[in-house]
Amino acid sequence: VKEPIIGVLALQGDFAKHIEILQSIGVRTKEVRTARDLQDCSGLIIPGGESTVIARQLEFGKLHTQISHFAKEKPVFGTCAGLILMSSHVQSSALMPLELLDITVERNAFGRQANSFQAFVELHFDSHHPKLFPAYFIRAPRIRANGAQVHVLATYEGEPILVRQGHHLGASFHPELTLDPAIHRYFLEMVKEVIA
Ligand code: GLN
């Protein structure tokens, strides 16, 4: 079986933390800045940061089109700003998302930087036992609506915060800021399923 390489979009934001946590579980990683970098990858993580800045860079470097193409076959996981970029609609914003997840998001809807918070949430990866996970919300987007094919894997105060649609995954919080690799392991399994 081919050893997967997970790419992390490294244009802006906290990509280094994703690389650290992936390497801590023995995954090969690659910083992705160009379409060429993408070619080696079996999956891609779009990190948190500033979604408007990342969106502009994607369009400027033609990566927007190339990631759309990549995503037809390969898994993409977006966290926070990355989730915004993967959505199908961003409320009151001119940002052009990748439309990989059938969700409508509202940016900064959990409050400003000073309102950042941590909460223990339940991950529902299988029907047996939910797993507790420390979720960090930093100017996080809210998922305001989601389509029928979107599976909700975790909620906070009744709202979806971790969602999966087909081979794509999105979180409104920052799973890379903890020492718990549970969500990265889950994404790794999604990647392995596709290349198996
Ligand atoms: N508020 C940021 C945005 O809209 C996202 C914040 C984050 O990724 N921590 O891009």
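As the structure lists them, so they are numbered: ligands from 1, and atoms in each ligand from 1.
Residue contacts with ligand 1: I84 is placed with no nitrogen or oxygen under 3.5 Å of a nitrogen or oxygen of the ligand (distance criterion only). Residue G48 has no N or O atom closer than 3.5 Å to an N or O atom of ligand 1.
In this structure, the protein non-hydrogen atom closest to atom 5 (C) of ligand 1 is G49 O, 3.4 Å. Among protein heavy atoms, atom 10 (O) of ligand 1 sits closest to S51 N, 2.5 Å. The nearest protein atom to atom 9 (N) of ligand 1, hydrogens excluded, is given as H174 NE2, 2.8 Å; this is a heavy-atom distance. Nearest protein heavy-atom contact of atom 1 (N) of ligand 1 is N108 OD1, 2.3 Å. Given atom 7 (C) of ligand 1, the protein heavy atom at minimum distance is C80 SG, 2.8 Å.
Heavy-atom proximity to E50, at under 4.0 Å, picks out these atoms of ligand 1: 3 (C), 10 (O).
Every residue was checked against the side chain to side chain contact (heavy atoms under 4.5 Å, CB included) condition with F60, not counting sequence neighbours, and none meets it. Contacts of E59 classified as salt bridge (Lys or Arg N to Asp or Glu O under 4.0 Å), with partners at least two apart in sequence or in another chain: none.
Not a single donor-acceptor pair under 3.5 Å links the side chain of H18 to the backbone N or O of E176. At least one donor-acceptor pair under 3.5 Å links the side chain of R164 to the backbone N or O of G166.
For R107, every heavy-atom contact with ligand 1 shorter than 4.0 Å involves the side chain, none the backbone.
For NZ of K17, the number of neighbouring non-hydrogen atoms (other residues, nucleotides, ligands) closer than 6.0 Å is 12 at most.
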Stepwise side chain to side chain donor-acceptor pair (under 3.5 Å) test for S93 and R107 | CA-CA 9 Å; S93 165; R107 295 180 57 214; 4.8 Å; no

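Checked for salt-bridge contact, E159 and R142 meet the test: a charged N lies under 4.0 Å from a carboxylate O.
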